[in-house]
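Report on the structure given below.
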Amino acid sequence: MSLKTVNTALTTAGILFILYFGTSFVLTPETVAPGFGLPGWPSGDGDGFLILKGIRDIAGGLVLGVLLLTGHRRALGWVLLVEALIPFGDMTNVLAHDGSAAAAFGVHGLTAVLMVVTGLLTLRETREATTAPPSAPVPAVR
């Protein structure tokens with residue numbers, strides 16, 4: 001199995017995961033929010049903040065999907081690395097607010113690590129694909 005195939009499978013799984021959670025936060029924030037890891041939730045009408053999280057995830061997943069589908073694999077690798085800051089930020093937010101360490105590391109931290117690994121593998125794949133073969137020596141002109 002080629003590195004490109006592995007990267008495509010990892011990226012596709014990540015995109016589907018991100019879109020699933022984003023859609024869940026938009027459609028049913030009260031059911032998915034407790035798994036985020038924070039110890040308490042906004043009182044009153046706090047669903048708006050949860051929906052913002054969902055929209056952020058959907059947009060991030062769609063950006064990755066567009067890059068994957070259009071074949072911009074080098075840009076895909078870089079965007080995976082940059083977007084890994086989102087779950088890393090979520091992890092640090094949960095930890096900073098005395099949330100669940102299991103959710104912080106097991107959900108958000110693991111997601112960030114998988115995005116970084118996939119991004120680095122994709123950059124490695126594109127580096128290998130763009131390396132020009134050695135050129136043949138040019139004969140001297142007499």
Side-chain angles (χ1 to χ4, degrees), residues 1-139 141:
M1 187 176 327
S2 72
L3 182 57
K4 183 176 180 177
T5 302
V6 171
N7 293 342
T8 300
L10 288 172
T11 302
T12 301
I15 290 168
L16 292 174
F17 176 77
I18 292 167
L19 290 175
Y20 168 76
F21 278 106
T23 303
S24 297
F25 269 95
V26 169
L27 298 177
T28 58
E30 66 283 347
T31 59
V32 73
F36 189 78
L38 289 173
W41 293 100
S43 60
D45 189 20
D47 287 356
F49 290 101
L50 301 175
I51 291 170
L52 288 174
K53 186 231 181 296
I55 292 168
R56 177 195 72 182
D57 287 352
I58 291 170
L62 290 175
V63 167
L64 293 171
V66 167
L67 291 172
L68 180 65
L69 291 174
T70 59
H72 292 91
R73 297 192 65 89
R74 187 133 185 97
L76 175 64
W78 283 111
V79 172
L80 278 162
L81 291 177
V82 170
E83 284 195 13
L85 291 172
I86 296 170
F88 178 79
D90 290 345
M91 178 187 74
T92 57
N93 184 32
V94 169
L95 292 172
H97 290 91
D98 298 319
S100 164
F105 294 114
V107 175
H108 307 295
L110 182 61
T111 300
V113 168
L114 290 173
M115 289 179 77
V116 167
V117 168
T118 304
L120 290 173
L121 286 172
T122 302
L123 289 174
R124 180 175 179 211
E125 162 207 325
T126 59
R127 181 189 53 143
E128 291 173 354
T130 58
T131 302
S135 59
V138 178
V141 179

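Here the structure is a predicted model, which is why all the values come from computation and not from measurement.
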[atom1]-[atom2] distance between [X] and [Y], expressed to the nearest 0.5 angstrom:
| X | Y | atom1 | atom2 | result |
| --- | --- | --- | --- | --- |
| L81 | L123 | CG | CG | 5.5 Å |
| L64 | E83 | CG | CD | 4.0 Å |
| D57 | I86 | CG | CD1 | 7.0 Å |
| L62 | L68 | CG | CG | 12.5 Å |

Write down the atom of [X], the atom of [Y], and the distance for their closest heavy-atom approach.
| X | Y | answer |
| --- | --- | --- |
| A84 | P87 | O-CD, 3.2 Å |
| G35 | A103 | O-CB, 4.0 Å |
| L95 | F105 | CD1-CZ, 3.6 Å |

Mind listing the side-chain donor-acceptor pairs of residues 13-27 below 3.5 Å, one per line with the distance, residues two or more places apart or on another chain?
{"residue": "T23", "atom": "OG1", "partner": "L19", "partner atom": "O", "Å": "2.8"}
{"residue": "S24", "atom": "OG", "partner": "Y20", "partner atom": "O", "Å": "2.9"}

Check residues 111-122 and write down every donor-acceptor pair under 3.5 Å in which the side-chain atom is one partner and the other belongs to a residue at least two apart or another chain.
{"residue": "T111", "atom": "OG1", "partner": "V107", "partner atom": "O", "Å": "2.6"}
{"residue": "T118", "atom": "OG1", "partner": "L114", "partner atom": "O", "Å": "2.8"}
{"residue": "T122", "atom": "OG1", "partner": "T118", "partner atom": "O", "Å": "2.8"}

inquiry  = When you compare the side chain of V6 with that of L10, does any pair of heavy atoms fall below 4.5 Å?
reply    =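 L10 reaches V6 side chain to side chain.
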request  = Kindly indicate whether the side chain of D90, heavy atoms from C-beta on, has any atom under 4.5 Å from the side chain of R56.
outcome  =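 D90 reaches R56 side chain to side chain.
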request  = Give a yes or no on whether the backbone of F36 and the side-chain of H108 come within a donor-acceptor separation of less than 3.5 Å.
outcome  =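 Yes; at least one donor-acceptor contact below 3.5 Å.
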key: side-chain hydrogen bond (donor to acceptor under 3.5 Å, both in side chains) partners for T8, two or more places apart   =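 Expected list: R73.
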